[in-house]
K.L.:
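The structure is given below, and queries will be raised subsequently.
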Amino acid sequence: MDTADVIILGGGLVGSALAVALDTHGLTAIVIDIADPAVILAAGFDGRASAIAGAPWRMLQAIGVADRLAPFACPIQGIRVSDGLEPGALDFEPEPGDGALGHMVENRKLRAALFEAASAAPNVDVRMQTRAVSIDRGAAGVSVTLDSGAVIKAPLLIAAEGRNSPTREAAGLRVARWTYDNAAIVTSLHHERSHENIAFEIFYPDGPFAILPLNDDEQGHRSCIVWSVTHDQAPGMMKLSDRGWLAEADKRIGGFLGKLGPLGHRMSYPLGFHHAAKIVSDRLALVGDAAHGIHPIAGQGVNVGFRDVATLVEVLVEGKRSGLDLGDPQLLARYDRWRSLDTLMVSVATDGLTRLFGIPGKTANAVRRMGLSAVQRVPPLKRRFIAEARGESGDVPKLLQGITV
């Protein structure tokens, strides 16, 4: 395939999901990625896990990917938020008949399922270990020359290259960004007692400590840990022996999971924020981390990218049915408007939570506990938080409702 409806630069989680979603609706896509599949699908490549919220999970069901993930996905039946181990926690549970709040999936399993689905899709041409060496976004369409010498064409280019997107930079799309004085240490660990499918977010002054439920394996109960520490603490935490690390983790957990261990492979990631002022340009749209990157405090990172996918697919499918050029400025402006408010609100909310829970002192601690307790006692407010967490607030695209466009 040398001509398609769209060219997608980047075949990661969001880029692959976009290609599969477009294929489901009969649109064609060429996916270009420099990565070697053998490397990115290896067990040790990415130790993280993603909390896929309720609405994005419905999208994955609608495009046929959830079936591939079902054996590896752990339903989240509740979320417990607390300020340290003090009383005054906030508990979220789904309403009867609503299903799980989300599903925890290890990134390597999610990446493999999406890559396999994209590779098998009849309307998708996946070209790995391939680089775009020149891009021409002209009035008549987009032309991309690859390092193989091949030239591919489409009316629209989509950048899904991640937070350091060269295509975004080349287009001159401005980005607000800053770094946090934190790094996230991510691992998995086994524990004596069951997590009972509850996700825990425990806030400490130096950063949140998340315990996210994973499916049991042959060694027993298991969770993913996302531990935010200050930059100066991170090297020391990575050098600790497994026994020492588990001892420190046990202090943060408070013993409710029983004996901890064995411990999985540890990885450390710097934490930062970025947000593109505009996510479209001439025959160009940004999705996922190319458009925005947020703190993992609320587990919304990949979900925001999947919401980009659902929105862009709906805009493009309706445009195609109306006979419009898929690079039409009006179509791209609609995508930009639809996504801008949502991504800004999520970005501001996660940044605000990070700063709020990072304020030290007994007074700040008391105010936070009072706030958590107040929300706990007001059911309508709790339902609003749950809707936000599940991606069900605002103008929800059809795919996030589980409906093809």
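Along the sequence shown, the residues carry numbers beginning at 1.
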K.L.:
Taking the side chain as everything from C-beta on, heavy atoms only, tell me whether Val142 gets closer than 4.5 Å to Asp136.
P.N.:
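No - every pair of side-chain heavy atoms lies 4.5 Å or more apart.
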K.L.:
Taking 4.0 angstrom as the limit, do Lys153 and Asp2 come out as a salt bridge?
P.N.:
no
K.L.:
State which residues pass side-chain hydrogen bond (donor to acceptor under 3.5 Å, both in side chains) with Thr404; sequence neighbours excluded, sorted by chain then number.
P.N.:
none
K.L.:
May I ask you to check whether Asp216 and His190 show a side-chain donor-acceptor distance below 3.5 Å?
P.N.:
no
K.L.:
Would a 4.5 Å heavy-atom cut-off, applied to side chains only, mark Glu161 and Pro166 as touching?
P.N.:
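Yes, their side chains come closer than 4.5 Å.
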K.L.:
For Arg307 versus Arg339, what's the shortest heavy-atom pair and its separation?
P.N.:
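Where Arg307 meets Arg339 most closely, the heavy atoms are CB-NH2, 3.6 Å.
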K.L.:
Distance-only, no hydrogens or angles: does the Tyr204 side chain make a donor-acceptor pair with backbone N or O of Val229 under 3.5 Å?
P.N.:
no
K.L.:
Provide the closest heavy-atom pair for Val313 versus Ala21 in the form atom of the first, atom of the second, distance.
P.N.:
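Val313 and Ala21 have their closest heavy atoms at CG2-CB, 3.7 Å.
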K.L.:
Does any part of the side chain of Met104, heavy atoms only, come nearer than 4.5 Å to the side chain of Ile76, both counted from C-beta?
P.N.:
yes
K.L.:
Salt bridge (charged side-chain N to carboxylate O under 4.0 Å, His left out) for Glu248 and Lys251? Distances and angles first, verdict last.
P.N.:
CA-CA 5 Å; Glu248 292 299 318; Lys251 295 176 186 176; 3.3 Å; yes
K.L.:
Would you mind reporting whether Ser143 and Val151 have side-chain heavy atoms less than 4.5 Å apart?
P.N.:
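Heavy-atom side-chain distance check passes, below 4.5 Å.
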K.L.:
Within a reach of under 6.0 Å around CG of Leu146, are more than 12 heavy atoms found that belong to other residues, nucleotides or ligands?
P.N.:
yes
K.L.:
Among all residues two or more places apart in sequence or in another chain, which pass the side-chain hydrogen bond (donor to acceptor under 3.5 Å, both in side chains) test with Asp23?
P.N.:
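Scan of Asp23 (side-chain hydrogen bond (donor to acceptor under 3.5 Å, both in side chains), adjacent residues dropped) gives Asn123.
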K.L.:
Is any side-chain heavy atom of Leu284 closer than 4.5 Å to one of Asp282?
P.N.:
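Not touching, per the 4.5 Å side-chain cut-off.
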K.L.:
I'd like to know if the side chain of Ser228 pairs up with that of Asn182 as donor and acceptor (distance under 3.5 Å, no hydrogens or angles considered).
P.N.:
no
K.L.:
Would you confirm whether His275, through its side chain, and Ala291, through its main-chain N or O, come within 3.5 Å as a donor-acceptor pair?
P.N.:
no
K.L.:
Using side-chain hydrogen bond (donor to acceptor under 3.5 Å, both in side chains) as the criterion, list what pairs up with Asp125, not counting sequence neighbours.
P.N.:
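Partners of Asp125 under the side-chain hydrogen bond (donor to acceptor under 3.5 Å, both in side chains) test: Arg127.
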K.L.:
Between Asp289 and His274, do the side chains contain an N or O donor and an N or O acceptor separated by less than 3.5 Å?
P.N.:
no
K.L.:
Give me the one residue out of Ile7, Thr145, Leu9 that meets side chain to side chain contact (heavy atoms under 4.5 Å, CB included) with Ile135.
P.N.:
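For Ile135, the side chain to side chain contact (heavy atoms under 4.5 Å, CB included) check succeeds only for Leu9.
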K.L.:
Taking Thr130 for the side chain and Ile32 for the main chain, is one N or O donor matched with an acceptor at less than 3.5 Å?
P.N.:
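Here the side-chain-to-backbone pair does not exist.
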K.L.:
Is the CZ atom of Arg177 crowded by more than 12 outside heavy atoms at less than 6.0 Å?
P.N.:
yes
K.L.:
Keeping to residues at least two apart or across chains, list the ring-ring contact (aromatic ring centres under 6.0 Å, His included) pairs with something in residues 210-230.
P.N.:
Phe209-Trp227, Trp227-Trp245
K.L.:
Does Asp250 have any salt bridge (charged side-chain N to carboxylate O under 4.0 Å, His left out) partners at least two apart in sequence or in another chain, and if so, which?
P.N.:
none
K.L.:
Does a sphere of radius 6.0 Å around CD in Gln219 hold more than 12 heavy atoms from other residues, nucleotides or ligands, not counting ones at 6.0 Å or beyond?
P.N.:
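Yes.
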K.L.:
Between Ser268 and Met238, what is the shortest heavy-atom contact and its length?
P.N.:
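Shortest heavy-atom contact: CB-SD, 3.9 Å.
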K.L.:
Charged N to carboxylate O below 4.0 Å: is that the case for Arg48 and Glu106?
P.N.:
no
K.L.:
Taking the side chain as every heavy atom from C-beta outward, state whether Thr3 and Ile152 have any pair of such atoms under 4.5 Å apart.
P.N.:
no
K.L.:
Are a donor atom and an acceptor atom from the side chains of Thr311 and Glu314 found within less than 3.5 Å of each other?
P.N.:
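Result is no, nothing qualifies.
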K.L.:
Got a sec, which pairs hit ring-ring contact (aromatic ring centres under 6.0 Å, His included) with one end in residues 47-73, sequence neighbours left out?
P.N.:
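Qualifying pairs, neighbours excluded: Trp57-His103.
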K.L.:
Do Val105 and Ser50 have side-chain heavy atoms sitting under 4.5 Å apart?
P.N.:
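Val105 does not reach Ser50 side chain to side chain.
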K.L.:
What's the shortest heavy-atom distance between His191 and Leu257, and which atoms?
P.N.:
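Between these two residues, the closest heavy atoms are CB-O, 3.6 Å.
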K.L.:
What is the minimum heavy-atom distance between Asn215 and Ala73, and which atoms define it?
P.N.:
ND2-O, 3.4 Å
K.L.:
I'd like to know if Glu201 and Arg80 make a salt bridge, using a cut-off of under 4.0 Å between side-chain N and carboxylate O.
P.N.:
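Result for this pair is no, no salt bridge flagged.
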K.L.:
Do the non-hydrogen side-chain atoms of Arg111 and Ile40 ever get within less than 4.5 Å of each other?
P.N.:
yes
K.L.:
Checking Arg168 side chain against Arg163 main chain: does a donor-acceptor pair fall under 3.5 Å?
P.N.:
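Judged by distance alone, yes, a pair lies under 3.5 Å.
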K.L.:
So, the side chain of Asn303 versus the backbone of Ala51: is there a donor-acceptor pair under 3.5 Å, distance only?
P.N.:
yes
K.L.:
Above 12 or not: heavy atoms from other molecules or residues under 6.0 Å from CZ of Arg131?
P.N.:
no
